[in-house]
K.L.:
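Here it is, the structure, as structure tokens.
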Amino acid sequence: MKVRTRFAPSPTGYMHIGNLRTALYAYLFAKHEGGDFILRIEDTDRARYVADAVEFIEKTLAAAKIIPDEGPHHGGNFGPYVQSERMDIYKKYAEQLVEMGHAYREETENGVAIRQKMPKTGETTFFDVLHGNITIANAELEDQVLLKSDGMPTYNFANVIDDHLMEITHIIRGAEFITSTPKHVLLYEFFGWELPTFIHLAPVMGKAEDGTVSKLSKRHGATSFNDLVEMGYLPEVITNYVALLGWNPKTNQEIFSMQELIDAFSLDGLSKSPAVFDYNKLDWMSGEYFKAMTDEEFAAVADKFFGELNANLAQKKIYLASLLKSRVTKLSEIPAMIKFLMEMPPFDAELFVNKRNKVTVANSIEIISPAIKILEGVDDWTFENLSEKISAYIESSGMKTGTIMWPLRIALSGQKITPGGVVEILYLLGRETALERLTRAVGALQNLSD
RNA sequence: GGCGCUAUCGUCAAGUGGUUAAGACACCGCCCUUUCACGGCGGGUUCGUGGGUUCAAAUCCCGCUAGCGUCACCA
């Protein structure tokens, strides 16, 4: 039988990382098995409906490269794929249950609801791939509502009807559904339907500043796929990282393309215990992706984080990208990293003083001044020429490289840390700006010592 | 509270009766170095707890504890 899995979100306009992971695993499993992945919208709660949420979900899945074979806008022979468009189907089955004596009508002030009649004794057992057999006493089960008084089905009813009708073979969903699964199983039994295979995933947790761990939520920072994209993590990094949060390939490989994930995915690599979302590891992985990119590729994804570049920098984008790509863990760090190129930070004499490199305010002047003379002689402002002149200067000065470079970097950038060394910054700034900054620094230092 | 699920370094985790208990991130130290980064080397009382079973337990069983989930006309 062909494997068919589904992702069945409610249209809330928000794609939580945990939901994304559930969708990913359902997709990976289906694709690994050569099966189908179905997107179904569970919009039976009219109070929670969010406009355009379906499009939002579809866009998010597309960005994550999780591509449904069937869905509201993906075609398929088992539609409609939106539950609010299937009301007559649920009504039919609910009434069938009433006739069979497994459900009953209930009059309320808002109308008529239909409730499932639970056995009072005995227990219900179902098999879960991760957890094995799970048994719950029927006495724990309430007579749950199947059809609400507004005619809409509840989740517990609709998902059973749809999973059966859509021929879903493997139900991959969050562990929060474990205790309601016996109700579903009873429904399958009432109808005489074959049971699908259940796989209940452990939740994704977040760690708060006080060290406590709880289900990933807003207080842990970004919690949705889209938040992370906005922070400058590549969609493929997010899926790669999330795939490994609760699943392991049994090898030491950590960087996976979507195709590699599909090839490697297996249910027995899934963890039963909750996993804590770790930004450190995400950052590391993100950096690995950037380092693996060409300068051009990095420049393309980084482009919108460059902001308004002046004419000089705009033509050096690729070069700038080459310096940045090995130092960035998420693209949103870029503006702060390159700001000094556009605008010199306020003068701070303290920065010139560096014990390790034996640099003081006084010798800074003596180091920078000759450099200005030398650089003024460079007409063809290329990286090679600049590198050659600076090297020659260091050699003739008899001083250590660090001693020369330190004050130059501070004078050029106003900061201790820069993307790239002095020569790189010299080149990026361009002749005019570089000389102007050096000259101005010497002036400021002299004022200080006078 | 009842019921259910879970429990290996700070985090992700391998491990399925006999291992020096992998690997990765993070952290710390050292080296390299033109800062940062990169790279290299090294480091850390890790199997929640108490009982069993066994020649032998991180691995199997039971209790306890803790965390999480669930008890809706939400999904």
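Below, chains carry the letters A, B, ... as their sequence lines are ordered, and counting in each starts from 1. Please read these numbers as outputs of a predicted model, since none were measured by experiment.
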K.L.:
With rounding to whole Å, what would you report as the distance between B/C36 and B/C30 at their P atoms?
P.N.:
13 Å
K.L.:
Once rounded to the nearest 0.5 Å, what's the spacing between atom CZ of A/F7 and atom CG of A/N19?
P.N.:
5.0 Å
K.L.:
Taking the six-membered ring of A/F78 (Phe, Tyr or Trp), confirm whether the NZ or CZ of A/R4 is under 6.0 Å from its centre and within 45° of its axis.
P.N.:
yes
K.L.:
Return the 5'-most residue of the pair A/E140, A/L282 with respect to RNA chain B, ranking by each residue's nearest nucleotide.
P.N.:
A/E140
K.L.:
Looking only at non-hydrogen atoms, find the nearest pair between A/P153 and A/Y90 and report the distance.
P.N.:
CG-CD1, 3.3 Å
K.L.:
Write down the distance between CG (A/L130) and C1' (B/U16), rounded to a whole number of angstrom.
P.N.:
15 Å
K.L.:
Between B/U11 and B/U46, how far apart are the two C1' atoms, rounded to whole Å?
P.N.:
12 Å
K.L.:
Could you check whether A/V276 gets within reach of a base, just the sugar-phosphate, or nothing at all, counting any heavy atom under 4.0 Å?
P.N.:
sugar-phosphate
K.L.:
Does A/G246 reach a base, just sugar-phosphate, or nothing at all? Heavy atoms under 4.0 Å.
P.N.:
sugar-phosphate
K.L.:
In whole angstrom, give the distance that lies between atom CD of A/E288 and atom P of B/A37.
P.N.:
15 Å
K.L.:
Taking atom P in both B/U6 and B/U54, what distance in whole Å separates the two?
P.N.:
27 Å
K.L.:
Between C1' on B/C71 and NE2 on A/H184, what's the gap in Å once rounded to a whole number?
P.N.:
13 Å
K.L.:
When the P atoms of B/G18 and B/C61 are compared, how many Å lie between them, rounded to an integer?
P.N.:
16 Å
K.L.:
For B/U53 versus B/G15, give the span between their P atoms, rounded off to a whole number of Å.
P.N.:
29 Å
K.L.:
Using Watson-Crick or G-U wobble geometry with both distances under 3.5 Å, which nucleotide pairs with B/U6?
P.N.:
B/A66
K.L.:
Pairing check on B/U45: which nucleotide meets the Watson-Crick or G-U wobble criteria with it, both distances under 3.5 Å?
P.N.:
none
K.L.:
Donor-acceptor pair under 3.5 Å: do we get one between A/T108's side chain and the base of B/C73?
P.N.:
yes
K.L.:
With respect to the side chain of A/W406, which nucleotide from B/U35, B/C12, B/C25 is positioned closest?
P.N.:
B/U35
K.L.:
So what does A/K272 touch, heavy atoms closer than 4.0 Å: a base, only the sugar-phosphate, or nothing?
P.N.:
sugar-phosphate
K.L.:
When both hydrogen-bonding distances must be under 3.5 Å and the geometry is Watson-Crick or G-U wobble, what is B/C32 paired with, if anything?
P.N.:
none
K.L.:
Please determine whether a side-chain nitrogen or oxygen atom of A/K250 lies at a distance below 4.0 Å from atom OP1 or OP2 of B/A13.
P.N.:
no
K.L.:
Let's test this: given Watson-Crick or G-U wobble pairing with both distances under 3.5 Å, identify the partner of B/A21.
P.N.:
none
K.L.:
Just compare B/A24, B/A75, B/C71 and give me whichever is closest to any side-chain atom of A/S10.
P.N.:
B/A75
K.L.:
Identify the nucleotide, in any strand shown, that forms a Watson-Crick or G-U wobble pair with B/A26, with both distances under 3.5 Å; if there is none, say none.
P.N.:
none
K.L.:
Closer to the 5' end of RNA chain B via nearest nucleotide, is it A/R21 or A/S180?
P.N.:
A/R21
K.L.:
Would you indicate what A/S273 reaches in the nucleic acid, counting non-hydrogen atoms under 4.0 angstrom: base, sugar-phosphate, or nothing?
P.N.:
sugar-phosphate
K.L.:
Can you check the distance between B/A57 and B/G52, where both ends of the measurement are the P atom (answer in whole Å)?
P.N.:
12 Å
K.L.:
Using atom NZ of A/K325 as one end and atom P of B/C38 as the other, report the distance to the nearest whole Å.
P.N.:
14 Å
K.L.:
Hey, are A/D162 and A/R6 close enough for a salt bridge, meaning a charged N less than 4.0 Å from a carboxylate O?
P.N.:
no
K.L.:
Does A/R409 place a side-chain N or O at less than 4.0 Å from the phosphate oxygens OP1/OP2 of B/U34?
P.N.:
no
K.L.:
Should the ring pair A/F383 and A/Y319 be called parallel, tilted or perpendicular, given that the plane angle runs from 0 to 90° and is split at 30 and 60?
P.N.:
tilted
K.L.:
Closest to the A/T44 side chain: B/A75, B/U35, B/U11?
P.N.:
B/A75
K.L.:
Taking donor-acceptor contacts at under 3.5 Å, does the side chain of A/T179 reach the base of B/C3?
P.N.:
no
K.L.:
For the side chain of A/L245, counting heavy atoms from C-beta on, which of B/C12, B/G4, B/C74 is nearest?
P.N.:
B/C12
K.L.:
Report which part of the nucleic acid A/F177 touches: base, sugar-phosphate, or nothing (heavy-atom distance under 4.0 Å, all strands).
P.N.:
base
K.L.:
Atom CG of A/N280 to atom P of B/U11: distance rounded to whole Å?
P.N.:
12 Å
K.L.:
Please give, in whole Å, the distance from B/A72 P to A/D150 CG?
P.N.:
18 Å
K.L.:
Grab the CZ-P distance between A/R46 and B/A75 for me, whole Å please.
P.N.:
12 Å
K.L.:
Should A/N248 be listed as having a side-chain N or O under 4.0 Å from OP1 or OP2 of B/A14?
P.N.:
yes
K.L.:
Could you let me know what B/C60 is paired to, Watson-Crick or G-U wobble, both distances under 3.5 Å, or none if it's on its own?
P.N.:
B/G52
K.L.:
Given the C1' atoms of B/G48 and B/A58, what is the spacing between them in whole Å?
P.N.:
12 Å
K.L.:
Where the side chain of A/D45 is concerned, which of B/U34, B/C74, B/A24 is the nearest nucleotide?
P.N.:
B/C74
K.L.:
So for A/K281 and B/A24, does any side-chain atom that can act as donor or acceptor lie under 3.5 Å from a complementary atom in the base?
P.N.:
yes
K.L.:
For A/E55, is there an ion pair with A/K59 - N to carboxylate O distance below 4.0 angstrom?
P.N.:
no
K.L.:
What's the closest nucleotide to the A/I134 side chain, out of B/C5, B/G23, B/C68?
P.N.:
B/C5
K.L.:
Between A/F190 and A/H102 (judged by ring centroids, cut-off 6.0 Å), do the two rings come close enough to count as a pair?
P.N.:
yes
K.L.:
Between B/G63 and B/G2, how far is it from one P atom to the other, in whole Å?
P.N.:
15 Å
K.L.:
From the options B/C68, B/U34, B/C74, select the nucleotide whose nearest atom is closest to the side chain of A/M205.
P.N.:
B/C68
K.L.:
Tell me the interatomic distance from A/E254, atom CD, to B/G23, atom C1', rounded to whole angstroms.
P.N.:
8 Å
K.L.:
Between B/U34, B/A75, B/G23, which nucleotide gets closest to the side-chain atoms of A/V423?
P.N.:
B/U34
K.L.:
Would you call A/K281 and A/E254 a salt bridge, taking side-chain N to carboxylate O under 4.0 Å as the test?
P.N.:
yes
K.L.:
Taking any heavy-atom pair under 4.0 Å as a contact, classify A/T12: base, sugar-phosphate, or nothing.
P.N.:
nothing
K.L.:
Output the single nucleotide from B/C73, B/U35, B/C12 whose closest atom is nearest the side chain of A/V145.
P.N.:
B/C73
K.L.:
Please say which of A/V423, A/L412, A/L313 ends up in a side-chain contact (heavy atoms from CB on, under 4.5 Å) with A/L428.
P.N.:
A/L313
K.L.:
Are A/E297 and A/K325 close enough for a salt bridge, meaning some N to O gap below 4.0 Å?
P.N.:
no
K.L.:
Give a yes/no on whether any side-chain N or O of A/S271 is located under 4.0 angstrom from OP1 or OP2 of B/A13.
P.N.:
yes
K.L.:
By nearest atom, which of the nucleotides B/C5, B/C12, B/G23 is closest to the A/A275 side chain?
P.N.:
B/C12
K.L.:
Would you classify A/T418 as touching base, sugar-phosphate or nothing, given that sugar-phosphate means primed atoms plus P, OP1 and OP2, and contacts are heavy atoms under 4.0 Å?
P.N.:
base
